[in-house]
Engineer: 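A single structure is presented below for examination.
Since this is a predicted model, take the numbers as computed values, not measurements. So you know, we letter chains A, B, ... as the sequences are listed, proteins then strands, and number each from 1.
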Amino acid sequence: MERPAREQQAWDEVGHTEVRRPVAFVLAGLGLAGLLVVASLQLLRAKPETAENPLVRLGRASLAALASGEGVFAVNRKLRAEMQRFEATLEETSWLQDAALPVVQGVLTGWGRVGNEQVYVGREGWLFFRPDVDLLTGSGFLEPGRSEALAALLDFHRQLEARGIALVVVPVPPKTAVAPWALARRAPDPREKLLANPSAAELVRRLETAGIEVLDPWPQLLSIGREPYLRTDSHWRPEAMDAVAAELARRLEGLGLGRGELELRRESVPITAHGDLVRMLELPQPERWLAAETAIVQRVLDAQGQPWQSDPGAEVLLLGDSFTNVFSQPALGWGEAGGLAEQLSYHLGRPIDRLAINDGGDLEARRRLAQDLAAGNDRLAGKRVVVYQFAARELAAGDWQPVELPAVVATAAPVSALEILTVRARVEAVALLPEPGTTPYRDALLAIHLVEIEALGGGEVASEVLVYVWGLRDGRPTAAASWRRGQQLELRLVPWSQAPPELESLQRFELPEDELLFLDTFWVETDDEKTR
Amino acid sequence: MVFSSHLFCFYFLPLALGLYYLSPQRTRHFTLTVLSYVFYGWANPLFVFLMLFSTAVDYVCGLLLSRGLAPGVALEPGGPRTREQKLVLTCSIVTNLALLGFFKYFNFGIDSYNWLIQEAGLGHLRLDTLLRVTLPLGISFYTFQSMSYAIDVYRGDAAALRRPVDFACFVAMFPQLVAGPIIRFSEVADQLLSRTHTLEKMARGVAFFALGLGKKILIANPCGKLADLAFGAGSLSSLDAWWGVVAYAFQIYFDFSGYSDMAIGLGLMLGFVFPKNFDSPYRSRSITEFWRRWHLSLSTWLRDYLYLPLGGNRKGKTRTYVNLALVMLLGGLWHGAAWTFVVWGAFHGALLVLERAGGGERATARLPDPLRMGMTFVLVLVSWVFFRAPSLGEALAYLGAMFGLVAPRPEAVLLGGILYQPYHLATMALAAGLVWWAPQVWDFTRRLSWGKTAYCLGVLWLALAMMETQGFNPFIYFIF
């Protein structure tokens with residue numbers, strides 16, 4: 001049968017190749033053998049003892065899904081999830097990625113001035129977080145279907161107002177707005193023309209109309225000078241934050257909170273480091289491509305010379321995110337005891353109750369507040385003002401679900417009544433970790449829902465609980481991140497109220513079901529786990 | 001599963017080739033079919049059953065069409081067909097189009113209907129349904145491919161396959177399953193029965209795969225980032241808008257032609273010779289020529305199975321124009337269930353009609369080729385705005401920015417700090433060079449020397465290294 005024209009053309013052009021046998025052998029051999037070598041070396045690579053072979057896990061999980069007796073669509077979802085997890089594991093543990101990523105990123109950043117999915121490289125060693133750019137270059141976040149931030153803020157204000165508590169909102173501007181010249185040469189001087197999202201002014205107007213005090217900290221940031229933000233970090237400089245804290249204190253005094261008499265003093269501590277955006281680039285030797293920078297952190301100390309501590313009995317609750325934590329939490333790389341809560345306390349002369357969660361300004365901080373209330377810890381008792389600080393970029397990119405603040409349940413078991421227990425439990429659900437490199441934080445917690453709990457060695461525990469474990473350590477997923485539904489574990493549960501306090505401010509990856517937040521909550525040190 | 005993924009390159013491909021060549025000759029199609037179903041089911045296991053159903057329907061149709069004929073014997077081309085044969089063909093076409101129609105256009109149909117009646121003030125007639133249909137990967141490709149089998153057998157262009165595994169292999173073979181090229185049965189019928197596996201083909205296949213992967217990773221993906229930034233901006237300057245759409249033009253070309261090259265390369269590794277799918281389309285001097293160079297497997301499919309049966313250009317000028325417009329409109333709709341794709345198809349249909357009415361390519365023949373190419377490229381760029389923008393409104397806003405009809409906001413200046421970074425400038429320059437000056441992969445690899453071998457292997461490993469640094473990067477045409 002005569003070949004169709006296109007097939008004949010293909011035969012003429014591709015069906016025959018002029019190539020000498022040795023050349024063909026080398027091209028085919030090296031090309032394909034090289035692919036095989038990568039996989040072979042991967043199999044030979046030493047793995048942590050606790051790591052399960054991903055193929056074995058895929059097979060076992062797939063069989064479990066097929067044998068679960070659930071509906072077709074549910075089984076299909078599980079199979080897909082396991083396949084995606086398998087593929088993600090192959091990539092995350094790839095020796096080629098470990099070898100290639102630093103070299104490629106170094107060349108792209110150093111020569112091409114290119115970042116990655118989340119980081120843009122600006123001029124003179126400045127780095128920018130992508131959402132900060134998107135906020136300004138995108139369309140208005142108040143346009144229909146874009147963001148629920150306004151509704152969530154109004155709802156939060158309504159609930160606080162019902163409790164007689166005033167709300168002060170502090171949206172921290174993006175770095176691109178305060179130092180646009182560091183990204184684009186032709187950008188206007190922010191002192192002459194402020195770049196902002198088209199909806200920014202409207203948001204402030206509508207919040208103020210509703211009776212919410214808004215501190216838009218432009219003047220304070222620009223009063224610092226040309227560089228109110230760290231060059232290689234997504235956060236502000238200590239002096240910029242301090243100026244905002246001073247203004248915030250002034251606003252709170254205006255709300256009837258007179259200056260207190262709390263004795264605090266400050267000491268200057270220089271910190272030299274690379275910022276979180278450098279860590280997101282995963283450069284092998286960042287000093288080769290980007291200079292470290294120095295920030296003078298003002299550590300706040302009490303009268304006994306001890307680092308400032310959050311006070312749950314304070315009249316002011318500061319809800320915030322990493323902008324609040326950046327100079328408080330050592331894991332963020334910029335020292336401790338020098339954050340927004342500390343400076344506010346210093347300027348106001350009053351104790352401050354701080355509840356700040358990295359990357360949690362939009363939702364997690366409010367959810368944590370609700371969680372405390374539901375667990376019987378009335379964190380709003382005695383509060384006169386809630387200061388709600390969040391990164392302005394969250395207005396466009398954040399998750400602004402409304403959060404119901406429950407009335408404190410008198411019959412709930414007091415938090416202090418929960419005890420440390422060793423239990424056997426089954427995993428019901430594990431929160432999802434994001435793609436590596438998409439979050440600026442190296443350490444984060446993961447929420448896990450446990451059911452069928454049996455206390456070993458005595459003690460009482462609910463039939464289902466919510467636990468938090470390390471999900472990310474130093475930018476790498478932990479073993480707990482690969483726990484799967486149905487897995488049986490023996491764990492040591494520490495009531496959340498007794499967990500190390502520094503955990504509270506860490507970024508969290510939560511489960512989507514809100515009702516889980518109101519279960520008894522525990523911390524689990526995964527080094528102690530035993531699995532079977 | 002995606003060709004440009006760690007799993008495919010380092011695990012699936014070596015395993016697939018190993019199992020294929022270790023299989024006895026007579027079971028190789030079975031092995032290839034199983035591998036292909038694993039490849040396809042990796043995205044969503046349930047979709048496998050859909051493809052199996054489509055395959056089964058057309059296999060049976062093929063047998064029924066050639067009932068009474070000896071194996072390997074085709075129907076007489078142009079000969080009479082029985083009522084039963086016509087019915088069987090109709091069954092194949094209706095089944096495949098029904099599958100495509102339901103899975104691809106159900107949501108679009110409901111949403112469009114609701115919007116229309118809302119605008120007409122008839123909100124009480126709104127259709128509210130909880131059913132939201134998921135689009136199976138590659139359904140636009142394999143239904144067309146499967147349909148072509150029944151049509152080719154009916155026309156007598158090929159004999160029906162007797163072994164079900166051979167037909168299943170034709171439909172499912174992973175090199176071209178999810179994003180083409182659309183391989184018509186008549187183009188590979190002989191090869192399914194008998195083909196050679198040579199070192200020469202393997203080497204050429206590796207070269208195609210390497211260069212295709214390079215196109216995708218080293219050019220399409222970086223250009224895509226620029227396009228995303230431009231099309232995601234709420235406001236941008238005219239220069240930035242043009243830069244963004246040119247970046248998109250490069251992205252879609254290198255993404256799709258890169259995938260086609262990889263598919264052709266994988267086919268060669270398995271002994272198959274697939275036809276060309278792109279022929280330097282941005283060197284076209286007219287829109288008519290563009291459609292002789294872009295996505296050839298689709299444009300020839302539409303020509304042979306839709307345009308010509310409608311009468312082509314044999315029924316007078318007016319009918320020719322109608323046929324052209326209709327084929328392009330449906331071609332646009334094939335790409336996606338959205339009005340932007342319909343407008344894109346209609347735009348190209350209008351241009352084709354205008355060119356034909358204005359004297360065709362002869363009308364501009366006296367102009368220098370670079371000028372004609374430039375004019376054609378600008379028209380293609382305008383059409384890509386509709387293809388890329390998420391909605392008609394945003395497409396029109398983007399065009400407004402391109403032609404300076406809307407003043408950009410001050411914030412738009414920030415885009416310049418990213419769009420024109422050295423790496424992006426270099427990538428766009430490289431893309432332009434490859435598009436307008438470099439030889440095609442087909443021509444470049446026709447004669448393989450030590451130098452070209454080193455070049456291909458270098459591109460392969462550079463692309464693999466870059467791939468490891470990029471996140472999940474599917475091909476654009478996966479969504480069609």
Side-chain angles (χ1 to χ4, degrees), chain A residues 1 4 6-7 9-11 13-15 17-19 21 23-28 30-32 34-36 38-39 72 76 79-80 83 87 90-91 94 96-97 100-101 104-105 108 111-114 117 120-122 133-134 136-140 176 180 183-184 186-188 193 195 198 435, chain B residues 5-7 9-11 13-14 17 42 44-46 74 158 186-187 190 199-200 202-204 206-207 210 232-234 264 268 273-276 296 300 409-418 421-424 426 442 445-450 453 456-457 460-461 464-466 468-469 471:
Chain A
M1 199 174 302
R6 289 187 70 230
E7 191 192 359
Q9 181 199 24
W11 273 106
E13 296 188 17
V14 168
T17 307
E18 285 182 43
V19 59
R21 202 163 177 79
V23 177
F25 188 80
V26 166
L27 179 52
L30 279 185
L32 296 175
L35 301 181
L36 200 55
V38 171
V72 166
N76 193 55
L79 288 175
R80 288 180 67 194
M83 288 173 185
E87 194 166 351
L90 287 182
E91 289 173 8
S94 161
L96 184 61
Q97 187 181 81
L101 179 60
V104 171
Q105 193 60 61
L108 286 177
W111 173 75
R113 261 189 61 204
V114 165
E117 310 285 334
Y120 291 130
V121 177
V133 177
D134 293 346
L136 298 189
T137 60
S139 48
T176 37
L183 181 60
R186 292 181 297 122
K193 170 66 187 170
L195 299 181
E435 289 285 324
Chain B
S5 68
H6 187 92
L7 175 65
C9 288
F10 300 118
Y11 295 92
L13 180 58
L17 289 175
W42 194 261
N44 192 324
L46 270 185
S186 56
E187 291 170 344
D190 292 345
L199 182 60
E200 166 201 83
M202 184 66 75
R204 189 85 180 269
V206 169
I264 291 165
L268 282 167
V273 174
F274 295 151
K276 185 187 279 193
L296 292 165
T300 54
R409 291 187 347 237
E411 290 76 14
V413 72
L414 294 173
L415 295 172
I418 304 164
Q421 288 170 337
Y423 175 69
H424 295 140
W442 287 69
T445 58
R446 192 170 301 157
R447 188 179 295 160
L448 290 170
S449 62
W450 286 112
T453 296
C456 291
L457 291 174
L460 176 66
W461 282 99
L464 289 172
M466 283 288 285
E468 293 291 294
T469 70

Engineer: Within the structure provided, determine whether A/Arg21 and B/Leu199 are in side-chain contact (heavy-atom separation under 4.5 Å).
Structural biologist: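 When only atoms from C-beta onward are counted, B/Leu199 and A/Arg21 do touch, with a gap below 4.5 Å.
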Engineer: Can a donor-acceptor pair be found, under 3.5 Å and without considering hydrogens, that links the side chain of A/Glu87 to the backbone of B/Ser5?
Structural biologist: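 The answer is no, because no donor-acceptor pair under 3.5 Å joins these two groups.
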Engineer: Rounded to the nearest 0.5 Å, how far apart are OG1 of A/Thr17 and CZ of B/Arg447?
Structural biologist: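 The OG1 atom of A/Thr17 sits 11.5 Å away from the CZ atom of B/Arg447.
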Engineer: In terms of heavy-atom proximity below 4.5 Å to chain A, should B/Leu13 be classed as side chain, backbone, both, or neither?
Structural biologist: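 Side chain only.
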Engineer: So does A/Ser139 get a backbone contact from the side chain of B/Arg409, meaning a donor-acceptor N/O pair under 3.5 Å?
Structural biologist: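 Flag not set: sc B/Arg409 to bb A/Ser139 has no pair under 3.5 Å.
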Engineer: Chain A: which of B/Leu46, B/Thr445, B/Leu17, B/Leu7 shares the most heavy-atom pairs with it under 4.5 Å?
Structural biologist: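 Most pairs with chain A among the choices: B/Leu46.
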Engineer: Rounded at 0.5 Å granularity, tell me how far CG in A/Leu35 sits from CH2 in B/Trp461.
Structural biologist: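 If we round to the nearest 0.5 Å, A/Leu35:CG and B/Trp461:CH2 are 5.5 Å apart.
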Engineer: Before giving the answer on side-chain contact (heavy atoms from CB on, under 4.5 Å), spell out for A/Leu101 and B/Glu468 the whole-Å C-alpha distance, their side-chain angles and the decisive distance to 0.1 Å.
Structural biologist: CA-CA 7 Å; A/Leu101 179 60; B/Glu468 293 291 294; over 6 Å; no
Engineer: Top residue by heavy-atom pair count (under 4.5 Å) with chain B, among A/Gly34, A/Gly31, A/Gly138?
Structural biologist: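 So the answer, after comparing A/Gly34, A/Gly31, A/Gly138, is A/Gly138.
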Engineer: Is a side-chain N or O of B/Glu411 found less than 3.5 angstrom from the main chain of A/Leu195, in a donor-acceptor match?
Structural biologist: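 Judged by distance alone, no pair lies under 3.5 Å.
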Engineer: Who passes side-chain hydrogen bond (donor to acceptor under 3.5 Å, both in side chains) against A/Arg113, sequence neighbours left out?
Structural biologist: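 Testing A/Arg113 for side-chain hydrogen bond (donor to acceptor under 3.5 Å, both in side chains), a comparison that skips the adjacent residues, returns none.
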Engineer: Measuring from atom CG of A/Leu90 to atom CZ of B/Phe10, what distance do you get when rounded to the nearest 0.5 angstrom?
Structural biologist: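 So the gap between those two atoms works out to 11.0 Å.
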Engineer: At a 4.5 Å cut-off on heavy atoms, which part of A/Gln105 comes close to chain B: side chain, backbone, both, or neither?
Structural biologist: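 Contact with chain B involves no heavy atom of A/Gln105 at all.
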Engineer: Less than 4.5 Å to any heavy atom of chain B: does that hold for the side chain of A/Val114, its backbone, both, or neither?
Structural biologist: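 Looking at A/Val114, backbone and side chain both touch chain B.
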Engineer: At a heavy-atom distance under 4.5 Å, which candidate from A/Val133, A/Val72, A/Leu108, A/Asp134 has the highest pair count against chain B?
Structural biologist: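 Ranked by contacts with chain B, first place is A/Leu108.
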Engineer: What closest approach, in Å, do A/Leu27 and B/Ala207 show between heavy atoms, and which atom pair accounts for it?
Structural biologist: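 Of all heavy-atom pairs spanning A/Leu27 and B/Ala207, the closest is CD2-CB, 4.1 Å.
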Engineer: Under 4.5 Å, counting heavy-atom pairs only, tell me which of A/Val104, A/Leu136, A/Asn76, A/Leu183 racks up the most with chain B.
Structural biologist: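 Going by pairs under 4.5 Å, I would pick A/Asn76.
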Engineer: Between A/Gly112 and B/Pro422, what is the shortest heavy-atom contact and its length?
Structural biologist: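 Heavy atoms of A/Gly112 and B/Pro422 come nearest at O-CD, 3.6 Å.
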Engineer: Looking only at heavy atoms and a cut-off of under 4.5 Å, which of A/Pro180, A/Gly122, A/Ala39 has the most pairs with chain B?
Structural biologist: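 Of the candidates given, the most pairs with chain B belong to A/Ala39.
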